> 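Take a look at this one; I'll ask things after.
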Amino acid sequence: MAIEQWEQVKDLLYRAMQLDPAQRAQFLDQACSSDCALRAELESLLAGDEDVRSSFLQSRPLGSDSPPSDDSSALKPGQLFAQRFQLVRKVGEGGMGQVWLAEQTSPVRRQVALKLIKVGMYDQSVVKRFQTERQSLAIMDHPAIAKVFDAGATAQGQPYFVMEYVPGLPITEYCDQKKLKIADRLELFIQACEGVQHAHQKAIIHRDLKPANILVVEVDGKPMPRIIDFGLAKPTAPQADGETMFTQIGHFVGTPGYMSPEQADPSVKDIDTRTDVYSLGAVLYVLLAGSQPFAPTSDEKLPLHELLRKVREEEPPSPSTRVSGDRQTSSTTAEARGTDPKELASLLRGDLDWITMKALDKDRARRYGSPAELTADIQRYLSHEPVLARPGGVRYLIGKYARRHRVGVSVAATLVLLLAGFSVLQTVQLRRITRERDRANRITDFMTNMFKVSDPSQARGNSVTAREILDKASNDIGKGLAKDPEAQSQMMQVMASTYTNLALYDRAHDLAKVALDNRMTKLGPNDPQTLESMSQLGWILVRQGHYDDAEKLLRQALTSEQHVLGAEDQHTLETMDYLAVDQGYQGHYAEEEELEREVIKVGTPGLGPENERVLHAKHYLGVALWDQARYPEAGQVFSDLVDADRRVFGPDDPKTLNALGNLALVRQSDGDNAEAESLYREVLAAQEKVEGIQHRDTTFTMENLASLLIDEGRFAEAEKLSRTAMTVRTRILGPEHHDTLVSKLNLSIALFKEGHVEEAEKMQRNLLASQIRLQGPEHPNSLEMQTYLAETLIKEKRYAEGERLARATYEDQVRIIGLQHSETVDTLRQLARALALTHRYDEASKLFRDAIEKDASSSVQGNHFELWYAFSCVATAANHPDEALQYLQKAASLGYKDANGLMADDDLKSLHQDPQFQALVAQLRQAAATNGVH
Amino acid sequence: MPESNSGEVTQLLQQWKQGNEQALHALIPVIYKELKRLAHYHLQSERSDHTLQSTALVHEVYLRLLGQQPADPQNRAHFIAVASRLMRQILVDYARTRQAQKRYGGCKIVVEDLAALPVIEDADLLALDSALDELSRIDERQGKIVEMKFFGGLSAPEISQVLGISRATVDRDWTTARVWLHRQMART
């Protein structure tokens, strides 16, 4: 068609389309008059009009343009859901959503139950329950519990669970249909209880146990109960306020007929495992007596509040009473149990009444403490032993309810931590409820997205780790809450601290950085939240080993916090504490000491001497003292701290173990190796058990013990420990982290001492390069490293190189850390040895005499014997034994005490046979014994 | 957070608006890359039979490239117009790839397999593509409108703003274009 014609066609076409089809013919008659071609064209176009009108090109090529919506209402059998589930039929619908039987097509073909959580119900409690179900699936594995294979969410954010499909009947229906006798019913019930018991051991409460959730399937002709729907499982303490819970009763929190009195009571906030014991009791009641404990006798339904009141306040009739009550129903009930009403009542009377009523006690303290106790009593009944539920078993009871489930699931702990963080966040937000309603929904939307981790190709059975969820969530947070930067920052902050707790500092850093930037822009630099972020980021930087950057940030935060929050505010003290630690890492020990003393001084009156922050400050005070070689003071700080930590945190707490480890270190530094080693071994054993070998604390202890073993000359043992620690640290912290470098240093020393000199040199050079890159060439640690390398070079007989390095280092050290510093003396010793070994002892001797002269005239306090001792070593190396002995005696007269050190020093080996040397050793030992040192 | 060279993109858009076709050439690779990356990204995440919307995708590219601040609506419209053209290209490329795979018999489902999505079949998409070429030869403006509306997800008011035509004209062009394309596709 010609282009110019199209304008005309288009115009007519459009006008025709505005008309009723009936009027079009007339319109075309007029419009086209004699132009047949034009008319034909228009008619041909209009022929498709109906199709076009309805849908053609109306949708986007990538899907519908409508906002995300609840598409579960539109689901039909045969439809493909989430790309790999062929829906077969709907098998249930409740307050929480729908359950579908579906055929999973990949990665394995199987029938599954798909539980779709209603979209639009992004309400606090649903999402919370959803999360807990996610966690449950990872840790439960029991034949009586239906497996949860996977969970995910569709592109619209509709969350769903993929669960084992259980093609069974509710336990009560099954028993009635099969006319099972009481004993058989009890057997089946016991198996169900075992499943619940398993869940309780994993700290998971079902909270909605009822026959519809305890299905029975036949496996090889044998009935097996299987509990479904742990969607309401609740491993953490409830925090929903009573009203919410109350209004939602019957919606998804429990089912009235099986709900425990504490669930029916809005004022009770802590629901524990005994709520399930009650529900099991109610199921047992139905299995025995054929109706619910509070079932109305007539067909008329009780109003909900009335039923709840009964559950809370009234005693139900015992099962035997119930059976003998209503003649008409009781005969049906008895028949279904293979007996007659009279016999049934007498069967139930006594033991079974007592057992059931004990499980249904209003006071949970008087109920069975666990499903296991309930089954144990049923077993006693079945084997004709006296049951404990017998009235008068009070004494037995008292011991029972103290025993509660313990939360001790290590894998899940992280997730709990994470979720706890979120819950706090959400609670805080809900307080500002009206304005923040939107935000809560956005957060929960985001939370829902967290569960899209499941990639079938990566699915490893039931294990989806908290780490995976966290990684996924932190990847998505950038866009997940983009519309609400404030909430986004908060979430990031929570995730950052979770990562920090997991020692995954890089991830923590990225999140904390964005959170800080956002808050800075949104709230300004002096907002408490901004300052909190600043402080946290500073701490992460400390943990990452970026001490300079950390210091800048922490100082800035501290100054503002002192101004905005005041000097006594917890946050101010926290930042000061962080800054102190940072100072310590930078080698500014006096500054560290001063800051920590300030934290303790300011914090103690308000927070108490055993406050966690105060204890933390004390810990680093001890470290600062140790770093300044003030061992007796440090020892006192740590032994007090160990006592306090044991009281406050318990003996196996990581913090207590750390303090104990540091006490060991102080003892070691003070020369008490035996005491130190035994403390180290105690700590290491506990840490390996409690924290695992990969934990930072554990590797710390290993390194300290390794250095002690080096002192003791047990080099092979030391090498092994250091190597393990280094491997772990390199993998987790990276090759240049401060801690990794410490491991490398210890390892290189062990290797050197073992005689693997070349390997040691290689490691030291690598270490020195990192050290210089990280802290600069004049940092004490870099200089110390050079001394080690110089020593190694000398050992390799590369005297010129060793001398050059030692000399340069010595000059720097004198300037930077002073002549008296033991590290400087060490360097001088290496330098002088290099000279002595190349026949320039005179030169070496002059160096020492100069140094000793300067030291004597200096006002700086220090161990003056160190120079004499080192001088002696060099004299020995230069084969001047008389001189050497003279210097040693000089050292001893100035305070040198360590007889063992003397014996262990390789440089002094050639003196061992000398009677004067032996006399000196004996004299030092004698002195040590009389003074009762250590 | 996305690295955004928003200044540059905004500048190029300005230039393009002022009639500099070179600017468009410079813009296209930037937007194309971003669109393609995002398409991959989105399609890797699990999805059901309904899935992400092209509008959302284009908006996201927009946000990433121009930054978060609300740019002037005209800028936005122009940007989305360009993105729409690219969207079309990408989708058609995918559909072609998929068609080719079908010919090999093994119809392996790959994550970036856009054409697995409902609403419009691969074959239809390819047919639409060539019909749209045909329409653009007859009426260039109408072709643009379809591109923006269908591939870019622009609304009629936005299109009228971009093209500087009345709302009524957009409606008329859109309605008649659909009818024309429908017939054209039915014929081939």
Side-chain angles (χ1 to χ4, degrees), chain A residues 1-3 5-7 9-15 17-18 41 44-49 51-53 55-69 71 79-85 106 152-156 158 160 449 452-456 476 478-479 482 485 514 517-518, chain B residues 1-2 39 42-58 60 63-64 68 87-88 91-92 95 109 114-120 124-125 128 135 137-140 142 146 149-153 168 171-187:
Chain A
M1 183 184 20
I3 293 170
Q5 276 175 356
W6 173 236
E7 274 303 319
V9 173
K10 197 160 73 176
D11 185 52
L12 290 173
L13 178 60
Y14 187 65
R15 282 157 66 186
M17 284 174 76
Q18 309 302 308
E41 173 72 8
S44 135
L45 284 163
L46 283 166
D49 177 39
D51 278 4
V52 172
R53 226 176 247 281
S55 68
F56 180 66
L57 296 188
Q58 288 294 45
S59 334
R60 304 280 152 256
L62 286 174
S64 97
D65 201 13
S66 59
S69 62
D71 43 12
Q79 190 177 330
L80 198 63
F81 179 84
Q83 292 201 309
R84 56 199 168 99
F85 303 102
S106 74
T154 64
Q156 277 72 42
Q158 155 131 58
Y160 61 88
N449 279 324
K452 287 188 190 167
V453 268
S454 53
D455 171 358
D476 289 355
K479 60 186 179 55
V514 179
D517 290 349
N518 289 352
Chain B
M1 291 278 110
H42 281 294
L43 291 162
Q44 272 162 10
S45 63
E46 200 175 343
R47 60 194 151 87
S48 69
D49 27 13
H50 295 270
T51 186
L52 59 115
Q53 311 142 29
S54 61
T55 327
L57 203 64
V58 171
E60 212 173 316
L63 287 177
R64 294 178 82 94
Q68 308 279 340
M87 193 76 193
R88 172 181 168 193
L91 287 172
V92 170
I109 309 235
L114 272 154
L117 306 173
V119 180
I120 185 154
D124 288 346
L125 192 60
L128 173 66
L135 177 63
R137 266 196 287 280
I138 301 167
D139 190 327
E140 195 190 337
Q142 230 175 345
V146 172
K149 189 121 174 42
F150 185 69
F151 290 101
D171 285 345
R172 194 190 56 160
D173 273 8
W174 168 241
T175 310
T176 51
R178 283 167 63 216
V179 174
W180 191 89
L181 287 168
H182 185 262
R183 187 187 62 176
Q184 186 69 14
M185 285 164 70
R187 278 177 182 174

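Quick note: numbers below take in every heavy atom, side chains included, and nothing from hydrogens, waters or symmetry partners. Predicted model, so just to flag it, every value in this text is computed and none were measured. Lettering of chains follows the sequences in order, A, B, ..., and the numbering in each one begins at 1.
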> Working to the nearest 0.5 Å, report the span between OG1 of Thr176(B) and CH2 of Trp6(A).
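Nearest 0.5 Å value for the OG1-CH2 distance: 5.0 Å.
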
> What residues, two or more places apart in sequence or in another chain, satisfy salt bridge (charged side-chain N to carboxylate O under 4.0 Å, His left out) together with Asp517(A)?
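Once residues adjacent in sequence are excluded, the partners of Asp517(A) under the salt bridge (charged side-chain N to carboxylate O under 4.0 Å, His left out) criterion are Lys513(A).
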
> Do Glu7(A) and Asp139(B) have side chains that get closer than 4.5 Å, going by heavy atoms?
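They are in contact (side-chain heavy atoms under 4.5 Å apart), so the answer is yes.
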
> How many angstroms lie between CG in Leu13(A) and CZ in Arg172(B), if you round to the nearest 0.5 Å?
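Going from CG on Leu13(A) over to CZ on Arg172(B), the span is 10.0 Å.
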
> Using the side chain to side chain contact (heavy atoms under 4.5 Å, CB included) criterion, which residues pair with Asp171(B)? Sequence neighbours excluded.
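If we apply the side chain to side chain contact (heavy atoms under 4.5 Å, CB included) test to Asp171(B), skipping adjacent residues, the hits are Tyr14(A), Ala156(B), Arg167(B).
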
> Report the distance from atom CG of Leu45(A) to atom CZ of Arg178(B), rounding to the nearest 0.5 Å.
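So the CG of Leu45(A) and the CZ of Arg178(B) are separated by 13.0 Å.
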
